[in-house]
2 protein chains.
Amino acid sequence: MSSLLFQENTLRTFTECIFKAIGCPEKDAVLAADVLLSSDLRGIDSHGVARLSGYVRLWEKQRINTNPNITIVHETATTATVDGDSGLGLVVAPFAMNLAMEKAEKYGSGWVSVRNSNHFGIAGYHAMQAVKKDMVGFAMTNASPLVAPTYTTERLLGTNPMCYAFPAGNYPPVVVDMATAAAANGKLEIAQRAQKPVPAGWVQTSAGESTIDPHALKTGGSLLPLGSDRDHGSHKGFGLSATVDILTAVLSGANYGPWVPPFVAFLDPLPDLPGKGIGHFVGAMRVDGFRPVDEFKQNMDRWIERFKAAKPISEDCPVIIPGEPELEAEKLRKANGIPLTEAVVKDLRALGEKLGCGL
Amino acid sequence: MSSLLFQENTLRTFTECIFKAIGCPEKDAVLAADVLLSSDLRGIDSHGVARLSGYVRLWEKQRINTNPNITIVHETATTATVDGDSGLGLVVAPFAMNLAMEKAEKYGSGWVSVRNSNHFGIAGYHAMQAVKKDMVGFAMTNASPLVAPTYTTERLLGTNPMCYAFPAGNYPPVVVDMATAAAANGKLEIAQRAQKPVPAGWVQTSAGESTIDPHALKTGGSLLPLGSDRDHGSHKGFGLSATVDILTAVLSGANYGPWVPPFVAFLDPLPDLPGKGIGHFVGAMRVDGFRPVDEFKQNMDRWIERFKAAKPISEDCPVIIPGEPELEAEKLRKANGIPLTEAVVKDLRALGEKLGCGL
């Protein structure tokens with residue numbers, strides 16, 4: 001599929017225009033656009049402007065409140081629960097992360113669980129805010145149920161990503177930002193468009209059989225946890241995903257498991273919900289709460305150098321330090337522009353026409 | 001291989017006797033034995049008394065200090081770094097966890113990074129201490145390098161386990177306690193003894209080729225991260241393992257990567273070490289720092305009930321809630337005794353004879 005190149009600022013202005021058109025205050029529109037653009041710049045095409053019309057459809061269904069009154073509903077010196085008032089996760093999660101960092105500034109660490117929110121973009125954006133302040137950053141979210149626990153055929157968990165971000169010295173930060181499923185849905189969508197099979201171990205049929213059909217989700221199948229099957233540790237992927245679900249939602253009062261409201265607006269939330277909206281969990285710890293920052297950074301650099309020097313299986317495929325490919329993408333895309341597929345461009349232009357924003 | 005049954009108390013008394021014989025103060029011997037027995041009771045045979053002579057050999061090599069002066073070397077209200085003075089991890093990690101829980105009691109959360117320690121047994125033991133106080137518990141440790149990062153042939157990481165433990169209401173706690181490798185070394189050892197191949201995806205040869213040979217580690221091979229290969233997300237397993245290495249060691253001043261001192265006493269630590277001993281990271285967060293405990297527990301119960309009701313692929317294999325199999329093992333073994341293989345019994349009896357402890 002061919003793609004078109006857009007300059008970062010063109011897409012940023014367009015995205016801000018769309019968020020303002022649906023009622024976001026100026027500063028929220030700027031922030032939400034920043035989160036989405038960060039994803040496009042970092043090469044995570046599935047979580048950037050390609051999702052913009054998805055957010056708008058949720059707003060049309062009155063499932064997103066673009067002018068939320070975000071509140072702290074429970075608090076100690078270093079912990080808090082935030083109610084996002086059905087706001088965009090793109091705005092609610094930064095509020096929570098700022099609160100976590102304020103607490104870390106004062107007490108060494110800060111941890112905020114969030115309920116009544118919506119999709120927050122990439123976890124890495126939020127965790128990386130802490131790195132700028134020489135803190136370790138954490139961010140997790142639960143998500144629409146697509147993943148079946150080991151031994152089952154039911155979609156009870158989202159791809160529930162977790163991110164850990166660490167500052168370094170002469171090297172870029174180490175950013176581990178990962179879905180806890182074997183493969184995220186975005187990868188299946190790429191295979192669907194390319195009409196290619198997917199590796200066994202990503203997805204199963206509605207009967208729980210292994211399949212390479214990228215369309216299996218549409219016929220009642222489910223994604224598999226990281227590890228793919230029991231022999232290869234899918235119970236660990238399930239455990240990680242469960243951890244995300246509990247920290248983000250059971251702790252905050254958001255919905256969990258099969259009750260997480262779907263991102264797609266054409267699916268309604270289930271009845272008898274146990275909580276409010278979707279849940280996030282973010283945290284920050286000051287590096288100098290553990291050791292002097294310069295010592296930590298020197299050792300991070302030594303860690304990175306030693307891992308970069310790891311003997312490769314093949315010279316064409318060197319080891320990848322977590323966060324490195326995203327940073328490479330960011331450099332390239334800042335210089336050359338962001339490629340969007342024709343389908344995404346068409347969708348965005350139709351959206352812009354409806355809401356009075358040119359692209 | 002046949003096995004013999006021992007009552008918990010017989011093994012406990014024997015283990016305490018051994019730890020006292022190598023110079024542990026009474027209370028440390030009792031605590032260290034409790035950590036090891038907890039592993040045997042929970043069915044994690046690789047981390048219990050089967051390792052006792054391994055600890056003794058490290059002491060003989062003067063790599064374990066059985067009468068350590070454990071100190072807090074750096075501290076904020078909610079964070080600290082502890083120096084274990086080369087003590088048994090079985091004693092140092094509980095010190096750190098108690099400190100984390102004291103901080104959580106006062107400020108909502110507490111986080112302790114540990115350097116200059118040794119093997120701490122099962123991560124679950126430490127994380128579960130928090131659950132008894134209605135806190136969420138975290139515990140991680142780095143370990144002897146056996147795992148190769150994705151695309152490489154070098155053993156740069158341990159099986160680096162992480163544990164998250166959550167209290168529930170009418171159900172037992174949810175305890176996610178997992179190595180970040182596709183399979184822990186203990187599973188390879190079982191296959192070696194049974195002279196059976198292992199699933200492809202657990203281990204690779206020294207050239208980085210997939211193999212089913214359970215002995216591959218002995219000829220320069222390496223374990224693979226959770227996910228097994230790049231297509232199935234081994235970069236995520238690598239990222240998780242890296243996270244554990246950084247939180248436990250780069251943050252505390254312990255050794256990391258290939259420099260983590262080996263558990264086996266016949267391998268000496270590498271020269272030019274970047275830190276001291278091995279590293280742990282433990283933490284605790286008060287549930288009521290986020291929402292009332294009873295509300296949290298009611299929702300944990302609903303979470304557990306919904307996941308227990310997940311439609312199984314096969315009626316013989318119901319879904320497994322994390323922590324459930326270990327608790328089942330504990331009930332059985334408390335009632336019927338702990339099975340030890342003949343080889344382990346022989347090894348323990350020889351150890352007992354040398355140190356004046358009967359089994």
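Treat the numbers as computed from the prediction; the structure is a model and nothing was measured. A note on names: the letters A, B, ... follow the listed sequences, proteins ahead of strands, and every chain is numbered from 1.
Residues A:Thr243 and B:Met162 have side chains not in contact (no heavy-atom distance under 4.5 Å, counting atoms from C-beta outward).
Residue contact with chain B, scored on non-hydrogen atoms closer than 4.5 Å, involves the backbone of A:Ala309 exclusively. Interface residue B:Ala80: only backbone heavy atoms are found under 4.5 Å from chain A. Contacts of A:Ser228 with chain B are made by side-chain atoms alone, with heavy-atom separations under 4.5 Å and no backbone atom involved. A:Ala104 does not touch chain B: none of its heavy atoms, backbone or side chain, sits under 4.5 Å away. Proximity to chain B is limited to the side chain of A:Val174, based on heavy atoms less than 4.5 angstrom apart. With a 4.5 Å cut-off on non-hydrogen atoms, A:Ala242 touches chain B through its backbone and its side chain both. Interface residue A:Phe166: only side-chain heavy atoms are found under 4.5 Å from chain B. Contacts of A:Ala207 with chain B are made by backbone atoms alone, with heavy-atom separations under 4.5 Å and no side-chain atom involved. Of the two parts of A:Ala181, only the backbone, made up of N, CA, C and O, holds a non-hydrogen atom closer than 4.5 Å to a non-hydrogen atom of chain B. If you measure heavy-atom distances from A:Pro149 to chain B, the contacts under 4.5 Å come from the side chain alone. Heavy-atom distances place the side chain of B:Phe238, and not its backbone, under 4.5 Å from chain A.
With hydrogens and angles left out, the side-chain atoms of A:Ser109 and B:Thr78 include a donor and acceptor closer than 3.5 Å.
Scanning both residues, A:Arg291 and B:Ala249, for their nearest heavy atoms gives NH1-O, 4.2 Å. Taking every heavy atom of both residues into account, A:Arg306 and B:Leu156 meet most closely at NH2-CD2, 3.6 Å. Taking each heavy atom of A:Met285 and B:Leu247 in turn, the nearest pair found is CE-CD2, 4.0 Å. When all heavy atoms are compared, the tightest approach of B:Ala310 to A:Thr152 is CB-CG2, 3.7 Å.
Contacts between residues 250-259 of chain B and chain A, defined by a heavy-atom separation under 4.5 Å, are made by B:Val250, B:Leu251, B:Ser252, B:Gly253, B:Tyr256, B:Gly257, B:Pro258, B:Trp259.
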Can you give the donor-acceptor pairs under 3.5 Å from side chains of residues 317-326 of chain A to other protein atoms, not counting sequence neighbours?
from: A:Glu324; atom 1: OE2; to: A:Lys308; atom 2: NZ; distance (Å): 2.2

>> A:Leu226 vs B:His232, test: side-chain contact (heavy atoms from CB on, under 4.5 Å). Steps then yes/no.
In response: CA-CA 7 Å; A:Leu226 177 58; B:His232 294 87; over 6 Å; no

> Should A:Glu209 and B:Ile313 be marked as a side-chain contact (heavy atoms from CB on, under 4.5 Å) after you check the CA-CA gap, both sets of side-chain angles, and the distance that decides it?
Replying inline: CA-CA 8 Å; A:Glu209 286 155 349; B:Ile313 295 173; over 6 Å; no

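A:Ala77 meets the side chain to side chain contact (heavy atoms under 4.5 Å, CB included) test with A:Tyr107, B:Tyr107; sequence neighbours excluded. Checked against salt bridge (Lys or Arg N to Asp or Glu O under 4.0 Å), B:Lys187 has no partners two or more places apart in sequence or in another chain.
Rounded to the nearest 0.5 Å, atoms CD1 (B:Ile304) and CD1 (A:Ile246) are 7.0 Å apart. A:His74 NE2 to B:Glu295 CD: the interatomic distance, rounded to the nearest 0.5 Å, is 9.0 Å.
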